[in-house]
Amino acid sequence: KILVCGSPRSGKSALVARYATGLSPDPFLSAYLQTLGAELVIKHVVEGENRLSLHLWSVGGHPRYRSTVTPLLTDDTAAVLVTVDLLSASSLEDAAVWVALAKEHCPTAIVYLIGTKADETDKITVSMPELAKVARDAGATAPLKTTSARTGAGVTDLFADL
């Protein structure tokens with residue numbers, strides 16, 4: 001079980017959709033679609049002779065959905081991906097809360113801090129040193145990663161590390 005959480009509009013569902021389908025999010029869908037509660041996507045992966053069934057949970061980022069997250073954060077959670085919208089400083093502030101929540105409820109899970117929307121280089125307001133500081137201070141247990149659901153950059157590598 002892999003839980004993807006973070007601020008509203010930080011690219012959680014787009015990240016999961018890109019990995020699960022290999023396709024870019026629909027360019028004609030310019031409207032923001034809020035995840036209500038949690039959304040499950042199952043991706044079957046074959047590595048050599050091993051068959052894995054990854055349960056990817058994308059959780060709504062609004063504070064009112066944090067109570068939805070707690071039952072999902074259990075001992076069987078292998079990894080928690082906390083997304084940070086690199087275009088939003090407030091997303092970075094929320095990341096520490098999400099990391100703390102993950103560490104409290106599933107201390108054995110690997111916790112990643114993931115910078116999203118990395119393709120929009122001219123609009124990025126969150127620097128890698130800032131992201132690294134929050135990851136270190138909050139106690140994220142895995143290396144920092146940056147991704148772009150639009151271009152696919154970093155997405156496959158991120159999930160391959162898992």
Side-chain angles (χ1 to χ4, degrees), residues 1-43 45 54-66 68-69 72-73 77-103 106 109-135 138 140-162:
K1 179 164 71 171
I2 300 168
L3 188 67
V4 184
C5 56
S7 295
R9 304 186 76 127
S10 64
K12 301 172 295 293
S13 295
L15 177 65
V16 169
R18 174 59 120 157
Y19 176 65
T21 66
L23 301 173
S24 177
D26 187 346
F28 301 106
L29 184 63
S30 59
Y32 168 63
L33 296 175
Q34 178 181 349
T35 301
L36 303 175
E39 180 178 75
L40 172 64
V41 174
I42 298 174
K43 167 100 173 163
V45 178
L54 301 179
H55 292 224
L56 305 165
W57 288 90
S58 177
V59 179
H62 290 278
R64 67 178 166 264
Y65 298 125
R66 288 199 182 131
T68 305
V69 175
L72 294 173
L73 290 169
T77 302
V80 178
L81 309 180
V82 178
T83 59
V84 175
D85 178 353
L86 294 175
L87 313 181
S88 168
S90 64
S91 180
L92 183 62
E93 294 166 11
D94 287 347
V97 174
W98 287 105
V99 171
L101 196 61
K103 290 183 61 150
C106 50
I110 299 168
V111 180
Y112 283 84
L113 204 57
I114 310 299
T116 59
K117 305 178 187 178
D119 60 301
E120 298 192 46
T121 55
D122 58 328
K123 297 178 184 175
I124 290 176
T125 60
V126 176
S127 70
M128 286 307 290
E130 290 173 309
L131 195 61
K133 181 177 181 341
V134 169
T141 56
L144 291 175
K145 302 282 184 180
T146 58
T147 62
S148 168
R150 179 177 294 145
T151 67
V155 175
T156 303
D157 293 340
L158 167 63
F159 286 94
D161 280 356
L162 295 174

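All values below were derived from every heavy atom in this structure, side-chain atoms included, with hydrogens, water molecules and symmetry-related copies excluded. All values reported here derive from a predicted model rather than from experimental measurement.
Looking at K145 and D161, their side chains come closer than 4.5 Å, going by heavy atoms from C-beta outward. Using a 4.5 Å heavy-atom cutoff, the side chains of F159 and T147 are not in contact. Between V4 and Y112 there is no side-chain heavy-atom pair separated by less than 4.5 Å. Taking 4.5 Å as the limit, every side-chain heavy atom of D85 sits out of range of all side-chain heavy atoms of T83. By the 4.5 Å heavy-atom criterion applied to side chains, L87 and I124 are counted as neighbours. The shortest distance between side-chain heavy atoms of L92 and T125 does not fall below 4.5 Å. Under the 4.5 Å side-chain criterion, counting only non-hydrogen atoms from C-beta, L158 is in contact with L15.
In terms of heavy atoms, E120 sits closest to R150 at OE2-NH1, 3.6 Å. The two atoms that bring A109 and T141 nearest to each other are O-OG1, 4.0 Å, heavy atoms only. The two residues I110 and A142 come nearest to each other via the heavy atoms CG2-CB, 3.5 Å. Across every non-hydrogen atom of S91 and S10, the tightest pair is OG-CB, 4.0 Å. Between K12 and R9, the shortest heavy-atom distance links the atoms NZ-N, 4.2 Å. Shown here for D94 and P8, the closest heavy-atom pair between the two residues is OD2-CD, 4.4 Å.
Residue S88 holds its OG atom at 13.5 Å from NZ of K123, rounded to the nearest 0.5 Å. Distance check: W98 CH2 to S7 OG gives 8.0 Å after rounding to the nearest 0.5 Å. Atom CG of residue L81 and atom CD1 of residue I2 lie 6.5 Å apart, to the nearest 0.5 angstrom.
If you check the side chains of T151 and S148, you find a donor sitting under 3.5 Å from an acceptor. Under the 3.5 Å distance criterion, with hydrogens and angles disregarded, a donor-acceptor pair is assigned to the side chains of S58 and S13.
Of the residues L113, L86, T116, the one that meets the side-chain contact (heavy atoms from CB on, under 4.5 Å) test with T146 is L86.
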